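Presented below is the structure to which this report refers.
Everything numeric in this text was worked out from a predicted model, so none of it was measured. Chain naming here is simple, since letters A, B, ... match the order of the sequence lines and numbering starts at 1 in each.
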Amino acid sequence: MKSVFALVDCNNFYASCETLFRPDLKGRPIVVLSNNDGCVVARSKEAKALGIKMGIPAFELKPLLEKNVLLAFSSNYALYADISARVMSTLELLAPAVEVYSIDEAFLDLTGVSHCMDLEEFGHSVRKTISQNIGMTVCVGIAPTKTLSKLANFAAKKWHKAGGVVDLTDKARQRKLMALLPVGEVWGIGSKLSARLNKLGIQTVLDLADASPAFIKQQCSVVESRIVAELNGESCLALEQVAPTKKQIVSSRAFGERITSKEMMHEAIAEYISRACQKLRKEQQQAKQLTVFIRTSPFSDRQRDPYYANSITTALTHPTSDTRDFLAVASKLLETIWKDGYRYAKAGVMLSDFYDEGVYQVDLFEPAPPAYQSKALMTVIDTINAKTGSKVWFASQGASQAWSMKRAMLSPQYTTKWTDLPVVS
DNA sequence: TCTGGGGTCCTAGGACCC
DNA sequence: TCTGGGGTCCTAGGACCC
């Protein structure tokens, strides 16, 4: 059976979430900033038209913000995650199989049902339903492979006369589109590979599609040869309905204020450990390896503000998901990489080497795992924090957290917090 | 005088994605 | 003054084993 995939992608997702409950902002240039109000991560159509580039630091926007030409928002992940969940559950009703690929996009597998419907019509009905139920605008790209559906989606976004839907199941249409796009537009071809392929005489997506997979494999790797097959309509990437278990968990943040004292850094690391362990328990995993890293800003003037970055990884004696185990080790690790006299801008921790709870083979010569009732206590903490919004914490995380991130322009949590519910008067 | 071959595992680094 | 966070996969090279 010929495979058919649809890629549904929300337009300017974070920016659109911010305007959902603020109809007065429709048609205005707005941007959403990264954590710590650092740089631009999303822009409304109007902000793009102003020439605001993705990823530029927030301070460059100051003149526009002061003149009230532009409005900026701190990232409000509680809001975005909730809107995303609504979009995804609506898609579940519309398609037989859905893979949630990221917070704002999903692949639909239409393979079994494509013969009994008009695909373009289906795309428009998805758009209409999401718009009516949630108020979010999406674009739909339809094609025989995931890689081609990504290209179709790109076309649907870029060419307005398409009306937000592009059906790329036709071979001739595929080739026509591929001839127009530079090879860097392909999903999985970034800037480095793009430059390398250009040197080999491959400029357009069509050039890559017509290249020999063996040649591409030899020049790059199997991943890129698979992309060539996908561009030729041979589906190599299957729909993954069940998210695979994670292999690592990272928790890191840039600080709102630079950290210069070791005590503060201990607090910050303890905070990140606590977040990471909470995620780990949610995955029902235990980890045996821990990495701690700290660094100063890579952007500062090196004369005035010298650069230092370091990290250290260690294996615990046994896999665990108990926050206290990691707090103890992390504190020791930090002591080994900490250096006085620097202005630290960011730090983080990483958990890796995961085991399912209870399957670890204990080494005869290892010390026995501690006997305290770890799981019960952690469950209580997680349950309380889920209900109250993190009211219980370990003393080492610190009570004031003077270093915590800046979110000066945060919008209300319209859909996830009773006190923030929008009021209609 | 002559010094193999094949395999696995781990890690660091590089590339990509949203 | 001020520049995000969280992931995945692949490859090459070294260590180690028989």
DNA chain C contacts made by residues 138-150 of chain A, counting heavy atoms under 4.0 Å: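 Per residue number, the list is empty: none.
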
Nucleic acid contacts - residues 222-247 of chain A versus DNA chain C, non-hydrogen atoms under 4.0 Å: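 Within residues 222-247 of chain A, the residues near DNA chain C are A:Val222, A:Val223, A:Arg226, A:Lys246, A:Lys247.
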
Per-nucleotide pairing state of DNA chain C [Watson-Crick or G-U, under 3.5 Å; [ ] pseudoknot-crossing; | other strand]: ....||||||||||||||

Quick one: side chains of residues 5-18 of chain A, donor-acceptor pairs under 3.5 Å with protein atoms, not counting sequence neighbours, listed by atom name and distance.
| residue | atom | partner | partner atom | Å |
| --- | --- | --- | --- | --- |
| A:Asp9 | OD1 | A:Lys157 | NZ | 3.0 |
| A:Asn12 | OD1 | A:Lys48 | NZ | 2.6 |
| A:Ser16 | OG | A:Asn11 | O | 2.6 |
| A:Ser16 | OG | A:Asn12 | O | 3.0 |
| A:Glu18 | OE1 | A:Ser411 | OG | 2.7 |
| A:Glu18 | OE2 | A:Tyr80 | OH | 2.6 |
| A:Glu18 | OE2 | A:Ser411 | OG | 3.1 |

Mind listing the side-chain donor-acceptor pairs of residues 90-101 of chain A below 3.5 Å, one per line with the distance, residues two or more places apart or on another chain?
| residue | atom | partner | partner atom | Å |
| --- | --- | --- | --- | --- |
| A:Thr90 | OG1 | A:Arg86 | O | 2.7 |
| A:Glu99 | OE1 | A:Lys146 | NZ | 2.6 |
| A:Glu99 | OE1 | A:Glu240 | N | 2.8 |
| A:Tyr101 | OH | A:Trp187 | NE1 | 3.3 |

DNA chain C: 5'-proximal contact among A:Ser251 and A:Glu60 (nearest heavy atom):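 Per heavy-atom nearest nucleotide, the more 5' residue is A:Glu60.
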
[X] vs [Y] side-chain heavy atoms within contact, under 4.5 Å:
{"X": "A:Lys346", "Y": "A:Ser252", "result": "yes"}
{"X": "A:Asp210", "Y": "A:Arg175", "result": "yes"}
{"X": "A:Val186", "Y": "A:Leu181", "result": "no"}
{"X": "A:Asp356", "Y": "A:Gln284", "result": "no"}

Nearest-angstrom distance, P atom, B:dT3 to C:dC18: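 Between the two P atoms, the distance is 24 Å.
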
Aromatic ring pairing A:Phe255/A:Tyr272, orientation class (parallel under 30°, perpendicular over 60°, tilted between):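 Answer is parallel, since the angle falls under 30°.
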
Geometric class of the A:Tyr308/A:Tyr344 ring pair [parallel <30°, tilted 30-60°, perpendicular >60°]: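 Ring orientation, 0 to 90° scale: perpendicular.
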
Return yes if a side-chain donor-acceptor contact under 3.5 Å exists between [X] and [Y], otherwise no.
{"X": "A:Ser311", "Y": "A:Arg295", "result": "no"}
{"X": "A:Asp82", "Y": "A:Thr416", "result": "no"}
{"X": "A:Glu230", "Y": "A:Thr147", "result": "yes"}

Residue-level proximity of residues 69-80 of chain A to DNA chain B when a heavy atom falls under 4.0 Å: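 None, since no heavy atom is under 4.0 Å.
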
Within residues 189-220 of chain A: residues closer than 4.0 Å to DNA chain B (heavy atoms):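 Listed by number, they are A:Ile189, A:Gly190, A:Ser191, A:Lys192, A:Leu193.
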
Spacing of A:Ile83 atom CD1 and A:Tyr414 atom OH [to the nearest 0.5 Å]: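 So the CD1 of A:Ile83 and the OH of A:Tyr414 are separated by 10.5 Å.
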
Give [X] one of three labels, base, sugar-phosphate or nothing, depending on what nucleic acid heavy atoms sit under 4.0 Å from its own.
{"X": "A:Asn35", "value": "sugar-phosphate"}
{"X": "A:Arg343", "value": "sugar-phosphate"}
{"X": "A:Gln248", "value": "base"}
{"X": "A:Ala58", "value": "nothing"}
{"X": "A:Asp37", "value": "nothing"}
{"X": "A:Leu33", "value": "nothing"}
{"X": "A:Val186", "value": "sugar-phosphate"}

What pairs with [X] under side-chain hydrogen bond (donor to acceptor under 3.5 Å, both in side chains), at least two apart in sequence or on another chain?
{"X": "A:Ser3", "result": "none"}
{"X": "A:Ser75", "result": "none"}
{"X": "A:Asp305", "result": "A:Ser300, A:Arg343"}

Selection residues 258-279 of chain A - residue pairs positive for salt bridge (charged side-chain N to carboxylate O under 4.0 Å, His left out), sequence neighbours left out: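 As it turns out, the salt bridge (charged side-chain N to carboxylate O under 4.0 Å, His left out) pairs with a partner in residues 258-279 of chain A, which skip direct neighbours, are A:Lys262-A:Glu335, A:Glu271-A:Arg275.
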
Test item: A:Ser34 side-chain N/O and A:Cys39 main-chain N/O as donor-acceptor pair under 3.5 Å: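 Indeed, once roles are kept as given, a pair shorter than 3.5 Å links the two residues.
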
A:Gln174 side chain vs A:Leu168 backbone, donor-acceptor pair below 3.5 Å: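 Yes; at least one donor-acceptor contact below 3.5 Å.
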
Along DNA chain C, first and last positions that approach a heavy atom of chain A under 4.0 Å: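 Contacts span C:dT1 to C:dT11, reading 5' to 3'.
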
N-O pairing of A:Lys288 and A:Asp325 below 4.0 Å: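 The answer is no: the pair does not qualify as a salt bridge.
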
